[in-house]
Amino acid sequence: MIDFLVVGPHPDDAELGLGGSLARAKREGRTTAIVDLTRGEAATKGTPEQRTLEAEAASRVLELDVRRNLGWPDSRITDSEDRRLQLARVFRELKPAVVAAPHPNDRHPDHVTAANIVPASLHLAGLKNSPLSGEPFKPRHLFFYMGNGPFEAKLVVDTSDFIEIWEAAVRCYRSQFTGEVASETVTPDIFRRRRGRAAYWGTFIDARYGEPLWTPRPVAYAPF
């Protein structure tokens, strides 16, 4: 059973959004996982092969217990029954206590679609009579993490002691975050920008750095 699983539309999304939280969960003895939906083959920079190696390096930095890539088409993720069932099978297998998905307020269509697929897949995973093998499974909590658009956080995780691990994991993606700027997020300036954002959220919990999460339902103080 995985304690904390983050779904990323592309390799590097989970690290950018919740690398500090993943590092903190591991330090606290939790099992952690990332499920990437695509190989990032449509990106302006880097190849799928490079990004696979970069994801493996980032996984070692974060000491992940599990990492999967579903190989869906980058920039062409569509919400279908087949994809919902595929992800639901992963949820039934890994049995994550806490799942984090991209928040739907995002400029990238893959992030928006993933925000819809994840809760739908969790619903299927929890149904006794769904067309899936194995026992039904429901996580304790589903959170949404910040990508390229803002939201009003319902929970902020103190990542002050893990900001360097966060940066080390993100720096593994050299194809994306070195060299020429390709977009507002594919830029060497990402470290300054995202550290600033983490510092902003940290002010709300009297911490140096924090990572925001949103959920439609109230949660207890300790999600685990």
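Position 1 is the first residue of the sequence, and the numbers go up from there. Because the structure is predicted, anything quoted here is derived from the model rather than measured. Computed over heavy atoms, backbone and side chain alike; hydrogens, waters and symmetry mates excluded.
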> Does the side chain of Arg92 come within less than 4.5 Å of Pro136's, by heavy atoms?
Replying inline: yes
>> Any heavy-atom pair between the side chains of Leu70 and Gln86 that's under 4.5 Å?
In response: yes
> Salt bridge between Glu15 and Arg67, side-chain N to carboxylate O under 4.0 Å?
Replying inline: yes
> Going only through I, L, V, M, F, W and Y residues with side-chain contacts under 4.5 Å, is there a path from Met146 to Leu18?
Replying inline: no
> Would you say Arg27 has more than 12 foreign heavy atoms packed within less than 6.0 Å of its CZ?
Replying inline: no
>> Looking at Glu93 and Arg89, is any side-chain nitrogen of the basic one under 4.0 Å from a carboxylate oxygen of the acidic one?
In response: no
> Is a side-chain donor-acceptor pair under 3.5 Å present for Thr159 with Glu211?
Replying inline: no
> Where is the tightest heavy-atom contact between Tyr209 and Ala199, given as atom of each residue plus distance?
Replying inline: CD2-N, 3.6 Å
> For residues Asp106 and Asn148, is any side-chain donor paired with an opposing acceptor at under 3.5 Å?
Replying inline: yes
> Name the one of Thr32, Thr31, Asp65, Val98 that satisfies side-chain contact (heavy atoms from CB on, under 4.5 Å) with Asp3?
Replying inline: Thr31
> Is the shortest heavy-atom distance from the side chain of Val66 to the side chain of Ile2 under 4.5 Å?
Replying inline: yes
>> Checking the side chain of Asn105 only, and the main-chain atoms of Pro150 only, is there a donor and an acceptor separated by less than 3.5 Å?
In response: yes
>> With a 4.5 Å cut-off on side-chain heavy-atom distances among I, L, V, M, F, W and Y, is there a chain of contacts connecting Val61 to Val6?
In response: yes
>> Using every non-hydrogen atom in the two residues, find where Val99 and Val118 come nearest and quote the distance to one decimal.
In response: CG1-CG1, 4.0 Å
> Which atom pair, heavy atoms only, marks the closest approach of Ser121 to Leu87?
Replying inline: OG-CB, 3.5 Å
> Using the ring of each side chain (for Trp, its six-membered ring), is Phe204 parallel, tilted or perpendicular to Tyr200, with breaks at 30° and 60°?
Replying inline: perpendicular
> Considering only heavy atoms from C-beta outward, does the side chain of Asp110 approach that of Ser75 to under 4.5 Å?
Replying inline: yes
>> To the closest 0.5 Å, what do you measure between CZ (Arg39) and CD (Gln50)?
In response: 11.5 Å
> Would you call the rings of Tyr173 and Phe177 parallel, tilted or perpendicular if under 30° counts as parallel and over 60° as perpendicular?
Replying inline: perpendicular
>> In this structure, is the centre-to-centre distance between the rings of His10 and His108 below 6.0 Å?
In response: yes
>> To the closest 0.5 Å, what do you measure between CZ (Phe191) and CH2 (Trp166)?
In response: 6.5 Å
>> To check you understand the geometry: which heavy-atom pair defines the closest contact between Ala58 and Ala169, and what is its length?
In response: CB-O, 3.6 Å
>> Looking at Thr113 and Asp79, would you say the former's side chain and the latter's main chain have a donor-acceptor pair under 3.5 Å?
In response: no
>> Run Leu142 and Leu122 through side chain to side chain contact (heavy atoms under 4.5 Å, CB included) and show every step you take.
In response: CA-CA 9 Å; Leu142 168 63; Leu122 287 171; 4.0 Å; yes
> Nearest heavy-atom pair of Ala153 and Pro212: which atoms, and what distance?
Replying inline: CB-CB, 3.7 Å
> Between the main-chain N or O of Gly126 and the side-chain N or O of Lys138, is there a donor-acceptor pair closer than 3.5 Å?
Replying inline: no
> So how far is it from Asp36 CG to Ser59 OG, rounded to the nearest 0.5 Å?
Replying inline: 7.5 Å
>> Is there a continuous path of hydrophobic side-chain contacts, each under 4.5 Å between heavy atoms, that joins Phe162 to Trp201?
In response: no
>> Let's go through Thr185 and Arg194 carefully: what are the C-alpha distance in whole Å and the side-chain angles of both, what is the deciding distance for side chain to side chain donor-acceptor pair (under 3.5 Å) to 0.1 Å, and is it a yes or a no?
In response: CA-CA 9 Å; Thr185 50; Arg194 291 300 177 95; 5.9 Å; no
>> Counting neighbours of CZ on Arg174 that are heavy atoms of other residues, nucleotides or ligands and sit closer than 6.0 Å, is the number greater than 12?
In response: no
> Does some side-chain heavy atom of Pro102 sit less than 4.5 Å from a side-chain heavy atom of Tyr145?
Replying inline: yes
>> Applying side chain to side chain donor-acceptor pair (under 3.5 Å), can you list everything that pairs with Arg217, at least two apart in sequence or on another chain?
In response: none
> Is there a side-chain contact between Arg68 and Ile34, using heavy atoms and a 4.5 Å cut-off?
Replying inline: no
>> With a 4.5 Å cut-off on side-chain heavy atoms, are Arg83 and Thr78 touching?
In response: yes
> In terms of hydrophobic clusters joined by side-chain contacts under 4.5 Å, are Ile77 and Val7 together?
Replying inline: yes
> Quick one: CG on Leu37 to CG on Asp74, what's the gap to the nearest 0.5 Å?
Replying inline: 10.5 Å
> Which pair of heavy atoms, one from Gln176 and one from Ala43, lies closest together, and at what distance?
Replying inline: OE1-CB, 4.2 Å
>> Do Val181 and Asp189 have side chains that approach each other closer than 4.5 Å (heavy atoms only, starting at C-beta)?
In response: no
> Can any side-chain N or O of Thr187 pair as donor or acceptor with the backbone N or O of Ile190 at less than 3.5 Å?
Replying inline: no
> Is Leu64 reachable from Val170 through a run of I, L, V, M, F, W or Y residues, each pair having side-chain heavy atoms under 4.5 Å apart?
Replying inline: no
>> For a side chain to side chain contact (heavy atoms under 4.5 Å, CB included) check, start with the C-alpha distance between Lys26 and Leu62, then their side-chain angles and the critical distance, and finish with the verdict.
In response: CA-CA 8 Å; Lys26 174 56 64 174; Leu62 294 174; over 6 Å; no
> Going by side-chain heavy atoms closer than 4.5 Å, which hydrophobic residues are tied to Leu132, directly or by a chain of links?
Replying inline: Leu85, Leu124, Leu127
>> To the closest 0.5 Å, what do you measure between CZ (Arg51) and OG (Ser175)?
In response: 5.5 Å
> Who passes ring pair (Phe, Tyr, Trp, His ring centres under 6.0 Å) against Phe144, sequence neighbours left out?
Replying inline: Trp214
> Charged N to carboxylate O under 4.0 angstrom, Arg24 versus Asp161?
Replying inline: no
>> Once rounded to the nearest 0.5 Å, what's the spacing between atom OG of Ser130 and atom CZ of Arg84?
In response: 12.5 Å
